[in-house]
Protein chains: 2
Amino acid sequence: MKWLVNIAARDKLTQTVKIVLVDDHSILLDGLKKLIEEDDMLSVVDAVGNVPDAIRAIDKHKPDLVITDYNLGPDDGLSLVQKSKRLFPDMKFIVLSMHDEAHLVKEILKEGVNGYVLKKDTKEELLEAIYAVRGGKMYMSTEINAMLVKSLYEPEEGKLLTAREREILKLIAQEYSNKMIAEELFISERTVETHRKNIFRKTKTGSLVGLIKFAYANNLI
Amino acid sequence: MKWLVNIAARDKLTQTVKIVLVDDHSILLDGLKKLIEEDDMLSVVDAVGNVPDAIRAIDKHKPDLVITDYNLGPDDGLSLVQKSKRLFPDMKFIVLSMHDEAHLVKEILKEGVNGYVLKKDTKEELLEAIYAVRGGKMYMSTEINAMLVKSLYEPEEGKLLTAREREILKLIAQEYSNKMIAEELFISERTVETHRKNIFRKTKTGSLVGLIKFAYANNLI
DNA sequence: TTTCGAATACCCACCAGAGGGTATTTTTTA
DNA sequence: TAAAAAATACCCTCTGGTGGGTATTCGAAA
């Protein structure tokens with residue numbers, strides 16, 4: 001045990017933890033693997049770069065847990081979690097993401113992932129997460145925890161926009177005009193205008209540009 | 001030598017290559033370090049997460065080369081290269097980026113970096129790059145090379161927008177109105193309108209939304 | 001059962017920006 | 001040094017979206 005990390009759960013393990021890594025950046029994948037395998041109680045049984053390969057790897061190796069990036073090219077880590085949970089309901093997941101937006105984090109946690117660690121966190125936090133999750137607990141990195149607690153005081157934050165409003169925002173972000181949106185959703189152009197106004201009010205963005213940036217930041221695009 | 005990589009330049013080295021790593025994601029930094037130090041001719045003398053720390057580390061350790069991420073929080077890898085080149089003109093740089101947009105790559109190469117490797121490339125390419133750059137050569141990963149060659153056939157691609165136009169696009173993306181941009185740059189509102197039209201024409205985006213997405217895709221925001 | 005949020009819809013005034021030009025000066029490149 | 005590219009500037013038209021309202025229906029919580 002090389003690292004000076006206080007991980008209580010570690011000592012209870014009698015056999016190595018089998019891990020599947022998912023990240024679409026090959027170099028990071030290799031680095032992460034090296035990092036994890038420094039600890040000889042942990043074993044990376046497969047490291048893949050996309051969702052289909054990940055599903056196959058999980059099916060083949062039946063790992064103890066899956067550590068996945070959130071941004072995975074065409075589809076995302078969320079869809080990997082969703083698909084896997086259907087096929088292997090007891091599979092454990094740690095999401096390793098660069099996003100710390102409250103809204104996004106909450107959405108991911110709702111999918112039932114067991115841990116959430118930021119890429120800018122330390123490797124120690126990742127190890128803590130691995131052992132906690134292996135031991136049947138959940139683990140949020142310090143920063144994520146702080147963020148979640150903080151968001152308790154701003155209850156609106158999470159569900160700012162209604163489903164309908166988000167639908168319309170997505171269309172706006174796809175360069176639809178009000179007229180086109182109205183036709184698409186079989187509603188009046190007036191209604192679209194109203195929704196649009198509400199979206200502006202709620203997001204506190206005064207311009208289209210700000211709105212698009214909001215949509216980006218909240219991963220609606 | 002554990003890896004089966006054919007690196008001619010490696011055998012000529014008589015002493016280890018001192019490397020400074022720069023990446024704002026702590027976990028990746030650790031992983032990268034492990035990856036590189038697998039090769040015992042390579043030594044990571046420092047690993048930091050932002051531009052000021054990087055400058056200090058370079059000054060202190062006088063490394064043989066610096067491997068830096070492109071996205072570094074507030075400032076970017078480009079500004080690191082620029083600042084460092086002023087202070088240490090002979091310092092060698094490899095940019096490790098997730099961006100493969102022709103426009104962006106060319107801009108980075110213009111700064112005089114010695115290597116460009118994508119995060120989705122293999123670790124072997126990174127090693128090739130390190131040894132090539134150490135040996136005084138330049139190194140572009142296979143994918144980057146292919147992209148550069150391809151862009152030869154589409155001469156417009158690379159320098160789509162002029163410096164001024166990009167300046168204005170950035171302001172547009174910062175929610176400036178035409179009037180505000182005019183005041184900011186000490187030019188007439190009419191001129192801003194003209195630039196704006198040219199930007200739309202060149203980017204082939206019909207709407208503000210498309211423009212903002214272009215700006216995102218080309219890392220102007 | 002009442003109240004509240006969400007979705008629907010309409011009206012009007014106003015203007016910033018899209019879209020169409022043309023033209024001059026400066027800088028870069030051939 | 002001539003030609004091309006970039007930056008500057010002005011004019012006109014017109015529409016789409018912004019910002020200000022108000023109001024009805026409907027389902028869900030209280």
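Just so it is clear, the structure is predicted and the values come from calculations on it, not from any experiment. Throughout, a chain's letter reflects where its sequence line sits, starting with A, and its residues are numbered from 1.
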_Rounding to an integer number of Å, can you tell me how far B:Ile187 CD1 sits from D:dA6 P?_
16 Å
*Starting from C1' on C:dT27, measure out to CZ on B:Arg164 and report it in whole angstrom.*
14 Å
*Taking only residues two or more places apart in sequence or in another chain, which ones pass salt bridge (Lys or Arg N to Asp or Glu O under 4.0 Å) with B:Glu193?*
B:Arg190
*Quick one: B:Lys204 NZ to C:dA18 P, roughly how many Å, whole number?*
18 Å
*Heavy-atom pair with the smallest gap, counting every atom of A:Val113 and A:Met138*: O-CE, 3.4 Å
*Set of residues satisfying salt bridge (Lys or Arg N to Asp or Glu O under 4.0 Å) with respect to A:Lys83, sequence neighbours excluded*: none
*Round to a whole Å and report the spacing from NE2 of B:His195 to P of D:dC10.*
13 Å
*asked:* Once you measure the plane-to-plane angle for B:Tyr216 and A:Tyr216, does it fall in the parallel (<30°), tilted (30-60°) or perpendicular (>60°) bin?
replied: parallel
*Rounded to the nearest angstrom, tell me the gap between atom CE in B:Met180 and atom P in C:dA16.*
13 Å
*Taking only residues two or more places apart in sequence or in another chain, which ones pass salt bridge (Lys or Arg N to Asp or Glu O under 4.0 Å) with B:Glu167?*
B:Arg164
*asked:* Need the bend value for the helix from C:dT1-D:dA30 to C:dA30-D:dT1: angle between end axes, 5 pairs each end, nearest 10°.
replied: 60°
Table please: side-chain donor-acceptor pairs of residues 88-96 of chain B below 3.5 Å, with sequence neighbours left out.
none

*Is it the case that A:His25 and B:Asp121 place a side-chain donor and acceptor less than 3.5 Å from each other?*
no
*Quick one: what's the B/S/- string for nucleotides 11-30 of chain D, heavy-atom cutoff under 4.0 Å, read 5' to 3'?*
------SSBBB---------
_Can you tell me if B:Thr191 touches the phosphate of D:dT8, counting only side-chain N or O atoms and a distance under 4.0 Å to OP1 or OP2?_
no
_With side-chain contact (heavy atoms from CB on, under 4.5 Å) as the test, pick out the partner of B:Ile27 among A:Leu28, A:Val117, A:Thr122, A:Leu118._
A:Val117
*asked:* Distance check needed: C:dA6 C1' versus A:Leu185 CG, whole Å only.
replied: 15 Å
_If I take atom CG from residue B:Leu21 and atom CG from residue B:Asp46, how far apart are they, to the nearest 0.5 angstrom?_
9.0 Å
*Atom CG of A:Asn198 to atom C1' of C:dG5: distance rounded to whole Å?*
11 Å
*Separation of D:dA7 P from B:Phe186 CZ (nearest whole Å)*: 18 Å
